[in-house]
Undergrad: 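Following this message is one structure expressed as structure tokens.
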Amino acid sequence: VRFTYHFDEIDAYIPLEIRLENGALSASVDTEKIGIGADKIKIVSISVLPYFIAGNRTDSGYLFLADGSGALIHYDNGKSSAQSYCRRIYGEEPTNMTSEHYLNTDEQSVCLPVFGAVKNGSAVMAVGEDGAEIGTLNAQAAGKNSSYANAYISYILTNSVVHSVGNYTTELYSGNDPYLKNLTVKYFFLSGENADYSGMARRYRTYLQEKCQLTKTVDQNDFYLDVYAAAEKKISRLGVPARETISLATVAQTAEMTDWLTENGVDKTGVRYRNWNQQEISEKRVTKLNAVSKLEKGMSLTELNSANNVSLYAAVMDTQTYTGGNYISNARNACLSITGLTFTWYGYSFSTLNDTSEQYYRITLPKYYSVISKIAGSAEKQKLERLALGDVGNVLYCDYRDDGYGRTTAMLTAKDSLRCLSEKVEELALDRPNEYALPYADVIYNVPVTHSNQDILDESVPFYSMALCGIKECVAPAVNYSNVSGNMFLYAVASGCKLCYSWIYENESVLLGSSLSDLSNVSFTATRDEAARNCALAKQIADRVSGSAIYSHEYIDGELSRTVYENGTEIYVNFSDSEKTLGDGTAVSAGSFVIK
């Protein structure tokens, strides 16, 4: 059935098509059939079925949002005064933001376009399909705007920004993305034992397997490392400021670290080798993969990769951003903001808590695929079997060059780039990828384990890992370097993720004054014993659940969680400071877990 909404004030017609397909309901707006009769009028955003997923305070249940790892909003949480939830799917739009806003954006974003509701014993899960890349996930607590708590996607058809020149201020609007056609949300209805967020995770896993032809994966590595190879450091040569590349972990030293792990019970280690490429260390545009010469003295990357105890992922974490270049170069190679000017922002100093003097640029989208093609060709030439990527799988941005390149075009460019890379290497490790990048990820690093901590959110749940464990190798953020470091080991255990540590071989004092001065607690010698102990504990779980996906997750009393695998294995994790006792009398020590 098609409903055509007519808005008298602006003489606008918007068609909404509803379909029932195989037990699911699909709501879609064809953007090409939107008609506006009034002059100089733009439809900036559209909200689709904003009260279809809703519940009031008398209902039993909650709203679910795929915020970070996943989050719940209980209908009776009494947070009517809390700020409404409003986060762009696949991350904020950086070309519309000031440098200050950009630097302070929370790292937990909406990587999966999923939300839903559990209400009085039944549930519905919604997935943003066509147009999700321009969508914003919204939610309100009961009593905020109405008596209902509700969740929905709104779509930003036209980006805008307030631009000031002297005393003159105007609001600038972008054009529509030519590749954007439909705005579609699909709703899946769940009942019985499927009517909770665990049931949503299982249904979404099936959805991904059908949509992306994903198959079950096998365990690839027991343990993962983030090894930082080198950094730039400011030095003084005869009183003249200069930059020098310092070594933090050569290839031979990395082999020494992985060999130590093997001697201490870790059969195979996945290594994301970061900051090894001179162009990336210098924050220039990355077009080729050549290691800093001092890093390969004694052993090459290909030699380390051929070791039986190592899976080496040569990392290129920042392919979109660069610094330097002259005016003409940046006018050709950098993306433009909505103002028509080159989009720039300043770096940030963790020591002074202020912007630095270095200006940064993003590569213009018409040239981005060619940059990735060069990287892919270089990887093939260097015989690098595996690559690790950062921003290409989790950052979208508009480029207003020529007729403009919107987020839909950016997403298609990212998918083409990932496809190009996957054809040149055997494996790709992606960093917290968005849904569109999942088909190309063999390993997922930095899986989100908490939500964004907005006041409106009540609980954090491991939806991201629940949906993907069993079809992708999931790796938690580094235990020794994360914003939840004290509990990261427990989060990894509860969410079914492999453990990861960030390491350098040299003493941490060399980091002072370098481009990696914000790293801490990353010394190999200082944390290796703890890593070996934690890996031995995690191996007890891996031996029991290898190849099995997560079936369900729940919090028994707020600080005691239970994760159940498809093969029947149950993992109880105690996040509290005191011992917990299970129903059968089993004791779970504080900050520990039990396998049943």
Side-chain angles (χ1 to χ4, degrees), residues 214-230 249-259 261-262 266-281 286-293 295-319 369 371-393 414-431 433 437-446 471-475 498 500 503:
L214 303 182
T215 57
K216 285 193 173 184
T217 188
V218 295
D219 288 341
Q220 295 171 266
N221 298 289
D222 300 318
F223 184 69
Y224 283 85
L225 289 178
D226 251 350
V227 174
Y228 290 86
T250 67
V251 177
Q253 289 170 338
T254 301
E256 185 178 331
M257 293 190 287
T258 55
D259 288 344
L261 288 170
T262 301
V266 180
D267 294 332
K268 192 160 187 178
T269 304
V271 176
R272 184 165 66 166
Y273 198 56
R274 302 178 60 164
N275 282 51
W276 62 280
N277 181 279
Q278 184 62 64
Q279 286 182 322
E280 187 171 22
I281 293 173
V286 179
T287 55
K288 58 184 178 180
L289 304 180
N290 288 326
V292 175
S293 57
L295 296 177
E296 291 195 299
K297 289 182 178 178
M299 178 179 281
S300 68
L301 282 170
T302 51
E303 288 175 316
L304 177 58
N305 185 60
S306 63
N308 292 329
N309 64 335
V310 175
S311 294
L312 179 70
Y313 299 88
V316 188
M317 301 301 294
D318 212 341
T319 60
Y369 180 80
V371 169
I372 294 297
S373 298
K374 292 177 182 178
I375 293 174
S378 184
E380 188 176 36
K381 183 179 179 181
Q382 298 289 335
K383 297 181 179 180
L384 296 172
E385 297 176 350
R386 303 176 186 89
L387 286 182
L389 303 168
D391 53 9
V392 67
K415 291 173 68 173
D416 288 342
S417 300
L418 289 165
R419 187 181 299 112
C420 172
L421 288 163
S422 66
E423 291 170 353
K424 297 295 185 180
V425 297
E426 294 180 10
E427 290 182 28
L428 286 179
L430 301 185
D431 193 82
L438 290 176
Y440 309 100
D442 296 289
V443 175
I444 298 176
Y445 264 85
N446 203 24
I471 58 175
K472 295 293 178 182
E473 179 100 319
C474 292
V475 183
K498 297 292 180 67
C500 178
W503 277 352

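What's counted below: heavy atoms across the whole structure, side chains too, no hydrogens, waters or symmetry copies.
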Undergrad: Any side-chain heavy atom of Tyr224 within less than 4.5 Å of one from Val443?
TA: yes

Undergrad: Assess whether a salt bridge exists between Asp442 and Arg386, defined as any Lys/Arg side-chain N lying under 4.0 Å from an Asp/Glu carboxylate O.
TA: no

Undergrad: With the side chain counted from C-beta on, respond yes when Arg274 and Asp226 share a heavy-atom pair under 4.5 Å apart, and no when they do not.
TA: yes

Undergrad: Could you walk me through whether Leu418 and Leu389 pass the side chain to side chain contact (heavy atoms under 4.5 Å, CB included) test, one step at a time?
TA: CA-CA 9 Å; Leu418 289 165; Leu389 303 168; 3.9 Å; yes

Undergrad: Is there a side chain to side chain contact (heavy atoms under 4.5 Å, CB included) between Glu256 and Asp259 once you walk through the steps?
TA: CA-CA 5 Å; Glu256 185 178 331; Asp259 288 344; 5.7 Å; no

Undergrad: Do Lys268 and Asp222 sit within salt-bridge range, that is, some charged N less than 4.0 Å from a carboxylate O?
TA: no

Undergrad: Minimum heavy-atom separation for Ala437 and Leu430, please, with both atom names.
TA: O-CD1, 3.5 Å

Undergrad: Measure from the side-chain N and O atoms of Lys472 to the backbone N and O of Leu438, and report whether any donor-acceptor pair falls under 3.5 Å.
TA: yes

Undergrad: Out of curiosity, Ile444 CD1 to Leu428 CG, how far, rounded to the nearest 0.5 Å?
TA: 11.5 Å

Undergrad: Report the distance from atom CD of Glu423 to atom CD of Glu380, rounding to the nearest 0.5 Å.
TA: 10.5 Å

Undergrad: Please evaluate residues Leu225 and Leu261 with respect to the criterion side chain to side chain contact (heavy atoms under 4.5 Å, CB included), reporting the C-alpha separation (whole Å), side-chain torsions for both, the decisive distance (0.1 Å), and the verdict.
TA: CA-CA 11 Å; Leu225 289 178; Leu261 288 170; 4.0 Å; yes

Undergrad: Any donor-acceptor pair under 3.5 Å linking the side-chain atoms of Asn290 with those of Gln382?
TA: yes

Undergrad: So which atom in Val310 and which in Thr258 form the shortest heavy-atom distance, rounded to 0.1 Å?
TA: CG2-OG1, 3.5 Å

Undergrad: Could you check whether any side-chain N or O of Asp391 sits under 3.5 Å from a backbone N or O of Thr319, counting only pairs where one atom can act as donor and the other as acceptor?
TA: yes

Undergrad: Could you state the interatomic distance from CD1 (Ile372) to CG (Leu421), rounded to the nearest 0.5 Å?
TA: 5.5 Å

Undergrad: Closest approach of Ser306 and Glu303, non-hydrogen atoms and distance?
TA: OG-O, 2.7 Å

Undergrad: Taking the side chain as C-beta and beyond, is there a heavy-atom pair between Leu384 and Asn305 under 4.5 Å?
TA: no

Undergrad: List the steps and the verdict of side chain to side chain contact (heavy atoms under 4.5 Å, CB included) for Glu280 and Val316.
TA: CA-CA 7 Å; Glu280 187 171 22; Val316 188; 4.2 Å; yes

Undergrad: What's the separation between atom OH in Tyr445 and atom NZ in Lys498, rounded to the nearest 0.5 Å?
TA: 11.0 Å

Undergrad: Does the side chain of Met317 reach to within under 4.5 Å of the side chain of Asp431, using non-hydrogen atoms?
TA: yes

Undergrad: Show the nearest heavy-atom pair for residues Ala249 and Leu295, with the distance to one decimal.
TA: O-CD2, 4.0 Å

Undergrad: For a 4.5 angstrom cut-off between non-hydrogen side-chain atoms, does Leu312 reach Tyr273?
TA: yes

Undergrad: So Ser300 and Val251, do their side chains get closer than 4.5 Å, heavy atoms only?
TA: no

Undergrad: Looking at every heavy atom in both Val286 and Ile375, which two are closest together, and how far apart are they?
TA: O-CD1, 3.5 Å

Undergrad: Compare every heavy atom of Tyr313 with every heavy atom of Gly270, then report the nearest pair and how far apart it is.
TA: CA-CE1, 4.4 Å

Undergrad: Any side-chain heavy-atom pair from Arg272 and Val475 closer than 4.5 angstrom?
TA: no

Undergrad: Backbone N or O of Lys374 within a donor-acceptor pair of the Ser378 side chain at under 3.5 Å?
TA: no

Undergrad: Is there a side-chain contact between Trp276 and Leu289, using heavy atoms and a 4.5 Å cut-off?
TA: yes

